[in-house]
Each structure stands twice: as C-alpha cells, then as structure tokens.
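Report on the structure given below.
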Amino acid sequence: MSPKSGNKAPASKPWGGRFSEATDPAVERFSASIHFDRLLARHDIHGSKAQAHMLGEVGLISPQEVEALIGGLDRIAEEIAEGSFPFDAALEDIHMNIESRLRAHLGPVAGKLHTGRSRNDQIATDLALFLRDVSLETQRGLLALRGVLLERARENIETILPGYTHLQRAQPVRLAHHWLAHIETLGRDASRLRDARARIDRCPLGAGAMAGSTLPLDREHSAMALGFDAPTRNSMDTVASRDFALEYMAVAAISMVHLSRLAEELVLWSSAEFGFVELADAYSTGSSLMPQKKNPDVPEIVRGKSGRAIGNLVTLLTVLKGLPLTYNRDLQEDKEPLFDTVETLRNSLEVMAGAIATLDVKRERMREAAADPMLLATDLAEILVRAEVPFRDAHEVVGRIIGHVTRKQIDLRSLSHADMQSFHEAFEAGADELLDLERSLESRSLAGGTARVRVEAVLDEIEAELSAERSEIEALEASGAVAT
Ligand code: ARG
C-alpha cells in the first residue's frame with residue numbers, strides 16, 4: 001500500500017535526509033508516542049536547556065546562540081503550560097515536536113541544539129529527571145497518608161478491637177496498634193523509594209546514540225546542571241537500560257498491594273457483619289437500585305487498581321527481557337505503563353488518605369467484638385506457664401476448657417475457681433477474675449506490643465520520623481536536586 005498523499009514529506013522530519021518516500025500514515029500512527037510522552041515535556045525542556053548551556057560552555061555554539069536556544073525553549077515551555085503548543089503526531093515524539101517548534105521560532109540555529117545528542121540519551125535523561133520528581137512526589141503522598149493514619153491512631157489508643165489471623169478473631173489489640181502496622185508497611189515503601197532514587201544519580205546526557213560522541217562535550221557540566229552526581233559510566237548501558245523505571249514500578253506495585261490490603265479492611269469493616277467503621281458520604285456511593293445501600297466504592301476501586309500497578313510492572317519486565325544491547329524501539333513501550341502506575345498510585349494515596357481521615361470509627365462495636373472472652377484463651381495458658389506448667393501442657397488444658405464451654409454453650413467467664421481447678425490445680429481464681437481485657441492488653445508490653453506505653457512510644461517515634469522525612473523532602477525540593 002502506498003502512502004496516502006498529503007502525508008508529510010520525509011524531509012520535514014528531523015531524520016528525513018536519507019529517506020525518499022513518506023511514512024505510511026498507519027506507521028505514523030503506530031509509532032507515534034506524542035499522545036503520551038508529552039507528559040515529559042517539562043523534563044525534556046529542562047534537559048535541553050542544560051544541553052544548550054553545555055554546548056556554549058565548550059564553544060560548540062556561541063553565547064548568542066545559547067541565549068537564542070534558551071529563549072526559544074522557554075517560549076515553548078510557556079506554550080505547553082498554557083495549552084497552545086501544536087502537538088503533531090507526524091513528528092513522532094516529544095523530542096521532535098519540541099525541536100521542530102524551536103525551528104519554527106528560531107530558524108536554523110535550532111538545529112544546533114541536538115549537537116552530540118541522540119534521542120536515545122535524551123529520552124534516558126528525560127526519564128531519569130521524571131523519575132526523580134515522581135518518586136519524591138510519591139514519597140510525599142505516602143507521607144501524607146501515614147500522617148493521617150498516625151492522627152487517627154492517636155485518637156484511638158483506647159479503642160479496642162479483635163486482631164485477626166485467618167480472618168478469625170485472635171487476640172485483642174488497640175486500634176492504634178492496628179493502624180500503626182499499616183504505617184510500618186507504608187514507611188518501608190517510602191524508604192524503598194528513597195533507595196531507588198539514590199540510584200538515579202548519574203546523568204545519561206552525552207551517551208549519544210550508544211557510543212558517545214567525537215565532539216568535545218562536557219558531560220560533567222551537563223550532570224551538574226541537572227543535579228546529578230556524575231555522568232553515567234557506560235554509554236551502552238545508559239541508552240539500553242530502564243531498571244530505574246522498573247524499580248519505581250516495583251516499589252509502586254508493592255505499595256499498591258499494601259493499599260489494597262488496607263482497602264480490603266475498610267470494605268470488610270464497613271459491612272453490616274463487622275460494623276466497625278462507616279465511610280463518610282464523601283467517600284462512598286449509593287446503589288442505583290437499592291436505596292438503602294452505601295457502598296465502599298473508594299476502597300474497592302483502590303483494591304481493584306492494584307492490579308494495574310502489578311500488570312504495568314510485568315509489562316515492562318516483559319518488554320525488556322529479550323532486548324539485546326543497546327537502544328531498541330521497544331523501549332518506547334516503557335512510558336504508558338510507567339505513567340499509568342504513577343497516576344494510579346498518586347490517586348489511590350490521595351483517596352485513601354481522605355477516606356481514613358473522614359472515617360467514622362464505631363468504637364462500641366469494636367469493643368463488643370473484642371470482649372469475647374475466648375480472645376483471652378492464650379492469656380489463660382500463659383497464667384499456667386507462670387506457674388511452671390510446660391506451655392504445651394498449658395495449651396492442652398486451655399483447649400479442654402474451651403472445648404467444655406463450647407459444648408455446654410456457656411460463657412467462659414462463668415467458670416468458678418473450683419471449675420478452673422478441675423482442669424488444673426494451678427489456677428488461683430475463677431475465669432472471670434483471671435480474664436481481664438485491659439490487663440491482657442497492658443501485659444503485652446514487650447517491644448512491638450499493644451500495651452498503651454508501647455503504642456504511645458511508637459506513636460511519638462513515628463511522629464518524629466515523619467517530620468524528619470518532611471524536612472528531608474522539602475530540603476531536596478529547595479536544593480533543586482529535583483527538576484522544576
Ligand atoms: N520516543 C522514543 C522512545 O520513547 C525516543 C527515542 C527514539 N529513538 C530512536 N532512535 N528512534 O524511546
């Protein structure tokens with residue numbers, strides 16, 4: 001099939017020189033990435049300005065040319081910000097769209113910007129700058145959610161609920177302790193982001209298509225200008241690798257799984273069966289058919305969206321797995337999954353923070369559920385252990401007690417001192433006296449336990465950690481280590 005007339009002549013494309021036929025429109029549509037990589041415009045311009053300054057510094061272009069290029073790039077940044085930039089799919093990607101616009105504004109001098117540069121090191125640079133930014137932004141989102149959880153935890157030190165294993169009531173805990181558990185997981189996600197960001201410390205610019213350049217470029221200059229520690233060490237690795245994107249997506253997938261588990265609890269807890277919480281009207285929706293329904297759609301969607309983050313990670317892993325060195329156009333397939341993950345996590349963090357901040361906690365329902373004396377069965381066994389009964393025997397004795405009350409359908413607390421002694425003589429009182437919810441919680445005062453002192457100490461510790469992290473993020477933003 002011959003290309004349709006009216007299609008752009010190849011000479012209008014920056015790479016058109018060796019071509020004599022126009023690109024087939026279907027190929028143009030198929031290979032264009034501008035409809036998604038326009039998201040990188042800000043970072044692309046940031047990298048191009050550093051490139052222009054570097055070229056001026058080494059004398060490959062004149063100071064007047066540097067000035068013209070910077071002015072043109074700033075003008076384009078404004079056009080993009082105000083929405084007047086004419087994005088054109090025939091120009092494939094964000095790099096060629098910007099370069100072509102620069103030519104329209106400045107004429108032939110625009111052609112000097114790409115000196116010693118390839119789109120291969122350019123896209124690697126754009127992505128590195130983008131990832132540095134979004135990983136910090138994601139860390140902020142995680143910080144905000146942890147802040148909300150911390151606040152709600154503080155309000156709920158005295159709120160007691162059953163802790164679960166196998167979704168069966170296990171032992172009583174403070175709601176503060178429960179939410180602190182989620183803060184721990186989300187805190188590790190933030191720390192993973194920080195670790196991954198520390199590896200985005202080398203500047204790709206100057207790696208060229210794959211083997212550097214014969215021109216006297218100053219890669220240190222570009223690296224410093226863009227806030228990297230140094231230029232990358234191997235030009236082939238630089239244009240071929242995307243593990244910085246993989247790492248972000250892996251952390252994001254882990255974090256979405258964590259949010260999904262938190263979301264799942266909100267879904268369960270807002271059911272009539274649990275009745276532990278009620279989502280605010282602003283964070284739930286109704287049924288179009290059943291007027292009585294109030295549905296936990298927000299946590300459900302978060303739970304559902306975790307699949308995207310997992311899928312996006314698998315997509316990029318799969319794109320990369322068979323690629324020989326160095327750059328291959330397959331790599332263009334990195335962007336949509338990456339962008340989707342960034343947006344999915346950003347939105348999920350935001351709505352989860354809102355849902356939890358506005359959540360109505362049904363303290364009475366939680367306490368009622370936790371008042372089930374069966375939850376203190378382990379405590380009974382440990383009472384025997386203190387009287388030097390081997391734990392396995394103690395477990396057996398208490399198992400028989402539980403079996404007895406379950407068969408007789410009586411309350412464990414109704415067993416008298418004599419009843420208890422009929423199971424083991426080391427019991428020094430009736431069950432009612434031995435079993436006390438408050439005492440049970442307070443005796444779990446080991447490190448990591450749910451006793452009030454422990455929980456309060458951890459709340460303070462985390463508050464200090466969050467405020468240190470907030471200062472660290474703000475300092476990074478202020479230092480310009482992150483592209484603006
Ligand atoms: N749009 C391309 C990408 O996302 C930019 C690099 C293109 N390089 C090339 N040689 N065609 O990977």
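- Counting only heavy atoms from C-beta outward, the side chains of L136 and L193 never approach each other to under 4.5 Å.
- In this structure F130 satisfies the ring-ring contact (aromatic ring centres under 6.0 Å, His included) test together with H43, F339, sequence neighbours excluded.
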Under the criterion side chain to side chain contact (heavy atoms under 4.5 Å, CB included), I'd like the reasoning laid out for T341 against M256: C-alpha separation, chi angles, the key distance, then a yes or no.
CA-CA 9 Å; T341 287; M256 280 302 297; over 6 Å; no
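- Defined by atom type and a distance below 3.5 Å, a donor-acceptor pair is present between the side-chain atoms of Q122 and D44.
- The distance from atom CG of L55 to atom CG of L113, rounded to the nearest 0.5 Å, is 7.0 Å.
- With sequence neighbours excluded, no residue forms a side chain to side chain donor-acceptor pair (under 3.5 Å) with S284.
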Stepwise, does the salt bridge (Lys or Arg N to Asp or Glu O under 4.0 Å) test hold for K49 with D74?
CA-CA 9 Å; K49 286 169 78 172; D74 281 339; 2.6 Å; yes
Residues R103, E99; criterion salt bridge (Lys or Arg N to Asp or Glu O under 4.0 Å); working and verdict
CA-CA 6 Å; R103 192 182 304 271; E99 192 182 327; 3.7 Å; yes
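- Remark: A50 pairs with A225, L226 by the side-chain contact (heavy atoms from CB on, under 4.5 Å) rule, at least two apart or across chains.
- Minimum heavy-atom separation, D121 to A207: OD2-N, 3.4 Å.
- Side-chain contact between L186 and L149: present, with at least one pair of heavy atoms (C-beta onward) separated by less than 4.5 Å.
- Counting non-hydrogen atoms of other residues, nucleotides and ligands closer than 6.0 Å to CD of E155 gives a total above 12.
- With respect to the salt-bridge test (charged N to carboxylate O, under 4.0 angstrom), the residues E477 and R140 qualify.
- With sequence neighbours excluded, the residues forming a side chain to side chain donor-acceptor pair (under 3.5 Å) with R329 are E92, Q332, listed by chain and number.
- Atom CD of E456 is surrounded by more than 12 heavy atoms from other residues, nucleotides or ligands within 6.0 Å.
- The closest side-chain donor-acceptor pair between R197 and S135 falls under 3.5 angstrom.
- Listed by chain and residue number, R119 satisfy the side chain to side chain donor-acceptor pair (under 3.5 Å) test with D93 (two or more places apart in sequence, or in another chain).
- No donor-acceptor distance shorter than 3.5 angstrom exists from the side chain of R219 to the backbone of G212, with no hydrogens or angles considered.
- Of all non-hydrogen atoms in G208 and S118, the two that sit nearest each other are C-CB, 3.4 Å.
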Quick one, R194 with E472, criterion salt bridge (Lys or Arg N to Asp or Glu O under 4.0 Å). Give me CA distance, side-chain angles, the key distance, then yes/no.
CA-CA 11 Å; R194 213 190 286 130; E472 185 190 302; 3.0 Å; yes
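- Contact between P337 and T315 at its shortest, heavy atoms only, is CG-CG2, 4.0 Å.
- When every heavy atom of L106 is checked against every heavy atom of A68, the shortest pair comes out as CD1-O, 3.4 Å.
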Is there a side-chain hydrogen bond (donor to acceptor under 3.5 Å, both in side chains) between N295 and T285? Walk through the geometry before answering.
CA-CA 5 Å; N295 297 327; T285 57; 4.8 Å; no
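- E82 CD: more than 12 foreign heavy atoms inside a 6.0 Å radius.
- To the nearest 0.5 Å, atom CZ of residue R132 and atom CG of residue D201 are 10.0 Å apart.
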Begin with the C-alpha distance, continue with both residues' side-chain angles, and end with the deciding distance and a verdict on side chain to side chain contact (heavy atoms under 4.5 Å, CB included) for H114 and S48.
CA-CA 8 Å; H114 213 53; S48 284; over 6 Å; no
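- For the side chain to side chain contact (heavy atoms under 4.5 Å, CB included) test with L102, the passing option among V109, L69, N97 is L69; the others fail.
- The shortest side-chain heavy-atom distance between S33 and K335 does not fall under the 4.5 Å cut-off.
- Proximity of P86 to R101: side-chain heavy atoms (C-beta onward) are separated by under 4.5 Å at one or more points.
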Tell me, with the steps shown, if R154 and D460 meet side chain to side chain contact (heavy atoms under 4.5 Å, CB included).
CA-CA 10 Å; R154 265 209 198 284; D460 291 344; 2.7 Å; yes
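- Looking at L279 and P299, their side chains come closer than 4.5 Å, going by heavy atoms from C-beta outward.
- Evaluation of the salt bridge (charged side-chain N to carboxylate O under 4.0 Å, His left out) test over residues 225-243, restricted to residues two or more places apart or in two chains, returns R242-D334.
- With values rounded to the nearest 0.5 angstrom, E264 atom CD is found 7.0 Å from S260 atom OG.
- For the pair A451 and R174, the tightest heavy-atom approach, listed with the atom from each and the gap, is C-NE, 3.9 Å.
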Tell me which donor-acceptor pairs under 3.5 Å the side chains of residues 159-166 have, and how far apart each pair is, sequence neighbours excluded?
unit_1: T159; atom_1: OG1; unit_2: N156; atom_2: OD1; d: 2.6
unit_1: T159; atom_1: OG1; unit_2: R363; atom_2: NE; d: 3.0

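- With contacts defined as side-chain heavy-atom distances shorter than 4.5 Å, the pair L345/S255 qualifies.
- The ring-ring contact (aromatic ring centres under 6.0 Å, His included) search around H178 returns H182, W269, not counting sequence neighbours.
- Using a distance-only test at 3.5 Å, with no hydrogens or angles considered, a donor-acceptor pair links the side chain of T358 to the main chain of G354.
- For the ring pair (Phe, Tyr, Trp, His ring centres under 6.0 Å) condition, the pairs that include at least one residue of residues 69-102, sequence neighbours left out, are F85-F87.
- With sequence neighbours left out, R75 forms a side chain to side chain donor-acceptor pair (under 3.5 Å) with H105.
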Take K362 and D360 through the test salt bridge (Lys or Arg N to Asp or Glu O under 4.0 Å) and record every step on the way to the result.
CA-CA 6 Å; K362 308 286 187 193; D360 182 9; 3.0 Å; yes
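- Within the 4.5 Å cutoff, the side chain of Y248 has heavy atoms near those of the L338 side chain.
- The closest side-chain heavy-atom distance from V58 to L215 is not below 4.5 Å.
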Could you give me the CA-CA distance, side-chain angles and deciding distance for R202 and T238, then say whether side-chain hydrogen bond (donor to acceptor under 3.5 Å, both in side chains) is met?
CA-CA 9 Å; R202 301 289 157 126; T238 304; over 6 Å; no
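- R261 and T185 share no side-chain donor-acceptor pair at under 3.5 Å.
- The stretch residues 315-336 participates, sequence neighbours left out, in no ring pair (Phe, Tyr, Trp, His ring centres under 6.0 Å) pair at all.
- Expressed to the nearest 0.5 Å, how far CD1 of I70 lies from CD1 of I45 amounts to 11.0 Å.
- Other residues, nucleotides and ligands contribute at most 12 non-hydrogen atoms within 6.0 Å of the CD atom of E350.
- Pairs of residues two or more places apart, or lying in two chains, that qualify as salt bridge (charged side-chain N to carboxylate O under 4.0 Å, His left out) and include a residue from residues 104-114 are E65-K112.
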